[in-house]
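Notes for the one structure printed next.
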Amino acid sequence: MRMSQLFVPTLREVPAEAETISHQYLLRAGMIRRIAAGIYTYLPLAQRVLEKIEEIVREEMNKQGGQELKMPTLHPAELWQESSRWDAYGRELFRLRDRHERDYCLGPTHEEVITDLVRREVNSYRQLPLLLYQIQTKFRDEIRPRFGLMRGREFTMKDLYSFDRDQDGLDVSYQKMYDAYSAIFRRCALKFRVVEADTGAIGGTDSHEFIVVADTGEDEIIYCEACDYAANVERAVAALAGEEDTAEPLKDLKLASTPGMTSIDDVVSFLGTEPQRLLKTLVYLAIDGEAYKPVVVVLRGDREVNEIKLQNHLGCMHLALADAQTVEEITQAPVGFAGPVGLKDVRIIIDAEVPTVVNGICGANRADYHWINVNPQRDFPPAEIMDLRRVAAGDKCHFCGNPLKSDRGIEVGHIFKLGTKYSVAMDATFLDEAGRKKPMVMGCYGIGIPRTMAAAIEQNHDENGIIWPLSIAPYQVVIIPVNSKNAEHMELAEDLYTRMNRVGIEVVLDDRDERAGVKFNDADLIGFPLRLTLGPRSLKEGKVEIKDRATGKVTLVEIGEAVAVIKDRIEEMGKGWA
RNA sequence: CGGGGCGUGGCGCAGUUUGGUAGCGCACAUGGUUUGGGACCAUGGGGUCGUAGGUUCAAAUCCUAUCGCCCCGACCA
């Protein structure tokens, strides 16, 4: 491809709309343009990168026995009503109506459609397992589209759905996808971690997320370097602390005056104690549509509530901290003085760590007073106990006791064991050897393609631009003749360009009549892995320069050997990933 | 939806406080000089100041409404 013909409108300045690196560089390198919030046009360079990622995905899916198909984007409402997700999916679902007033939605995911297909066409255990996938545009009316391609409302996703006869079969399919995903992200040269994850709205039992490590990521992951434990913070568990304190004798419950001390910090400094002695007491509202119920939650003063865990436990659709008025109704005291001692007629859930607190402190449900020497078993009834806390770096690993670490990252892939949720709801069954009718056991496995591209940029860039890993670079090489007015140099460049094309190297010839600086800067911004420079300096000696974008290393080679050297370099760079 | 910010040539911004008839840099076009890390000179084209209504002799500027975009929180690949 000739740079003079390539449609890459690069930008010198950073567009005001972009905050994150990937967003800025995608815009500046002329790869994407926004048409509305979370909706983008992919220009030729981006299209090439996406195709490369898709091809890697396709190869790995096929290798595991996946078969590609294509499904409709427009889904009839009935299908979604059948799985009861027409209501459950909420406002994220793009809904529309046809001229006959029939309801449809734009598919945000395709469990319903694929399950409908498979239930019609598959009847026997002999036809299982079945692994079907699609690489298609999906639509989600995100609450807040963000960070360019990271969270769009229209985006390409690879989704594979597995159908098995039983749980063991599902385990096999799941492992295949786990392996395939690891291979895919390795081939894309991304640094990633696989973590246990919450299943969210999709439902199901086990699930793992593939997280590309990046400071700008929306997800926080917790992991242990001593053992293999790794989980999204939404789900992460840690060992209980506080057991070493238990030697202390129980003291008598006492009321203490704490005027105006409404926060943990206030109480800690006022009473000269430590936050882990406090019993933080919060009132939540479990919301289901119009209905809502208050729930009191207790945990140690130095801990935070993991609302996802709480919500999963309660089984409600939404969760919110109660307003001041509700808090007063329940505790008979202003906000800041709540405690579990003496609370009645309300559901109380305590974190698993709370029972380890000895002679603790909590609000007295009375303005300006706290209880001291509170002992959970003695002073308030044994409520529901569950793991409620949000794990943080430094907490001890539940499995091996080592301190946990945390990282931020971007969720590029997510695999789920769905079980029979959809097959039961939609009656997708088969007959086993004994002629018994059974629901299929399903799994689903997604990869966000544009997000993977964006994540690759977050992880591979410098102050000059993108540094594409070879495997997903839009082109492998750019040839830059320093002086486009020099006919001899241009001829040489043309010759190298032709020969590279002939041996299958993906190459761009920067034949524009621009100054060298402009070409170099565009080359760095776009991020071609290799740059071949033709200029008087080296040509005097019959040589050309080959510069590696990632390392900045420059090597001089004889003109006649340039193509062979580039070819070798590409092969070398490709090794280790394939 | 709650909180914060922003809409002025293609891009980045100034002008808004204190109304007076739109400006700078980059980009673009033409000519010339340049040519190894975003050149220089000259000339030129391009803006209903997000939209609608109002106040006023006069509105980018003041008032009202509305739309869009970005950032922080609840959702997810």
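Note that these values count all heavy atoms, side chains included, but never hydrogens, waters or copies made by symmetry. Residue numbers begin at 1 in each chain, while the letters A, B, ... track the order of the sequences. From a predicted model like this one, the values you see are computed outputs, not experimental measurements.
- A:T20 comes within 4.0 angstrom of no nucleic acid atom, judged by non-hydrogen atoms across all strands.
- Taking every side-chain heavy atom of A:R451 into account, B:A77 is the closest of B:A77, B:G36, B:G73.
- Taking the ring axis of A:F210 as reference, the NZ or CZ atom of A:R193 does not stay both within 45° of it and closer than 6.0 Å to the ring centre.
- Here, B:C63 and B:C6 have their P atoms 14 Å apart, quoted to the whole Å.
- The pair A:R389-A:E304 does not meet the salt-bridge criterion, since no charged nitrogen lies less than 4.0 angstrom from a carboxylate oxygen.
- Residue contacts for A:N486: at a heavy-atom cut-off of 4.0 Å it reaches no nucleic acid atom on any strand shown.
- Heavy atoms of A:K485 sit under 4.0 angstrom from at least one base atom.
- When heavy atoms are screened at a 4.0 angstrom cut-off, A:R153 is found touching no nucleic acid atom at all.
- Within the 4.0 angstrom heavy-atom criterion, base atoms lie near A:P536.
- A salt bridge links A:D387 to A:K309: one of the charged nitrogens lies within less than 4.0 Å of a carboxylate oxygen.
- Screening residues 5-15 of chain A for side-chain hydrogen bond (donor to acceptor under 3.5 Å, both in side chains) gives A:T10-A:D522 as the qualifying pairs, with residues at least two apart or on separate chains.
- Between A:E60 and the options A:K158, A:R186, A:R187, A:K176, a salt bridge (Lys or Arg N to Asp or Glu O under 4.0 Å) holds for only A:R187.
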Please list, for nucleotides 39-43 of chain B, all pairs of protein and nucleotide N/O atoms separated by less than 3.5 Å.
from: B:A39; atom 1: O4'; to: A:R515; atom 2: NH1; distance (Å): 3.3
from: B:A39; atom 1: N9; to: A:R515; atom 2: NE; distance (Å): 3.4

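- Residue A:Y181 contributes atom OH, which lies 10 Å from atom P of B:A77 at whole-angstrom precision.
- Under 4.0 angstrom from either OP1 or OP2 of B:C72 there lies at least one side-chain N or O belonging to A:R146.
- Side chain of A:R151, nearest nucleotide from B:C71, B:G36, B:C76: B:C76.
- A cation-pi contact, defined as under 6.0 Å to the ring centre and within 45° of the axis, is absent between A:R140 and A:F94.
- If you check distances only, the side chain of A:N483 never reaches the base of B:G36 with a donor-acceptor pair under 3.5 Å.
- Under 4.0 Å is where a charged nitrogen must lie from a carboxylate oxygen, and between A:D513 and A:K485 at least one such pair does.
- Dashed line: the shortest gap from a side-chain N or O of A:R91 to OP1 or OP2 of B:C75 is not under 4.0 Å.
- Straight-line distance from the CG atom of A:D510 to the C1' atom of B:U35: 14 Å, rounded to whole Å.
- Base contact: A:R28 has a heavy atom under 4.0 Å from a base atom.
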Please list, for nucleotides 11-15 of chain B, all pairs of protein and nucleotide N/O atoms separated by less than 3.5 Å.
from: B:C11; atom 1: O2; to: A:E13; atom 2: OE1; distance (Å): 3.4
from: B:G12; atom 1: OP1; to: A:A16; atom 2: N; distance (Å): 2.8

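- Closest approach to the A:E92 side chain among B:C75, B:G36, B:A74 is made by B:C75 (side chain taken as heavy atoms from C-beta onward).
- B:G15 and B:U8: their P atoms are spaced 14 Å apart (whole Å).
- We find that A:E55 and A:K52 are not joined by a salt bridge, their nearest charged nitrogen and carboxylate oxygen being 4.0 Å or further apart.
- Between A:R153 and A:D141 a salt bridge is recorded (basic side-chain N to carboxylate O distance below 4.0 Å).
- In this structure, A:R146 pairs ionically with A:E218, as a charged nitrogen and a carboxylate oxygen lie closer than 4.0 Å.
- Comparing the P positions of B:A59 and B:C75 gives an interatomic distance of 49 Å, to the nearest angstrom.
- Contacts of A:V412 with the nucleic acid, taken as non-hydrogen atoms under 4.0 Å apart, involve only primed sugar atoms and P, OP1 or OP2.
- In this structure, A:L50 atom CG and B:A77 atom C1' are separated by 14 Å, rounded to whole Å.
- At whole-Å resolution of the value, CG in A:N306 and P in B:A74 are 11 Å apart.
- Ion pairing between A:R2 and A:E494 holds under the 4.0 Å rule for side-chain N and carboxylate O.
- What separates CD of A:E304 from C1' of B:A74 is a distance of 16 Å, to the nearest Å.
- At a threshold of 4.0 angstrom between heavy atoms, the contacts of A:G90 with the nucleic acid are absent.
- Figure legend: cation-pi geometry between A:R95 and A:W86, with NZ or CZ positioned under 6.0 Å from the six-membered ring centre and within 45° of its axis.
- If you take atom C1' in B:G19 and the same atom in B:C57, they sit 12 Å apart, rounded to whole Å.
- Salt-bridge annotation for A:K519 and A:E514: absent, with no side-chain N of the basic residue lying under 4.0 Å from a carboxylate O of the acidic one.
- Residue A:F155 is classed as a base contact, given a heavy-atom separation below 4.0 Å to a base.
- Comparing B:G36, B:C76, B:G38 against the side chain of A:D522 picks out B:G38 as the nearest.
- At a cut-off of 3.5 angstrom, the base of B:G37 holds at least one donor-acceptor pair with the side chain of A:R531.
- Residue A:R144 places its side chain closer to B:C71 than to any other of B:C71, B:C69, B:C1.
- When rounded to the nearest whole Å, the span between CZ of A:R140 and P of B:C75 equals 14 Å.
- In this structure, of B:G36, B:A77, B:C69, it is B:C69 that holds the atom nearest to the side chain of A:A36.
- Counting only heavy atoms from C-beta on, A:F520 has its side chain closest to B:G36 among B:A77, B:G36, B:U34.
- A:D524 comes within contact range of at least one nucleobase, with a heavy-atom separation under 4.0 Å.
- Rounded to whole Å, atom C1' of B:C75 lies 13 Å from atom CD of A:E209.
- No engagement by A:Y445 is indicated, since no non-hydrogen atom pair under 4.0 Å with the nucleic acid exists.
- Residue-level contact check: A:G413 touches the backbone only, with heavy atoms under 4.0 Å from sugar-phosphate atoms and none from bases.
- Between the side chain of A:K547 and the base of B:G36, no donor-acceptor pair under 3.5 Å is found.
- Going from the C1' atom of B:C49 to that of B:U16 covers 11 Å, rounded to whole Å.
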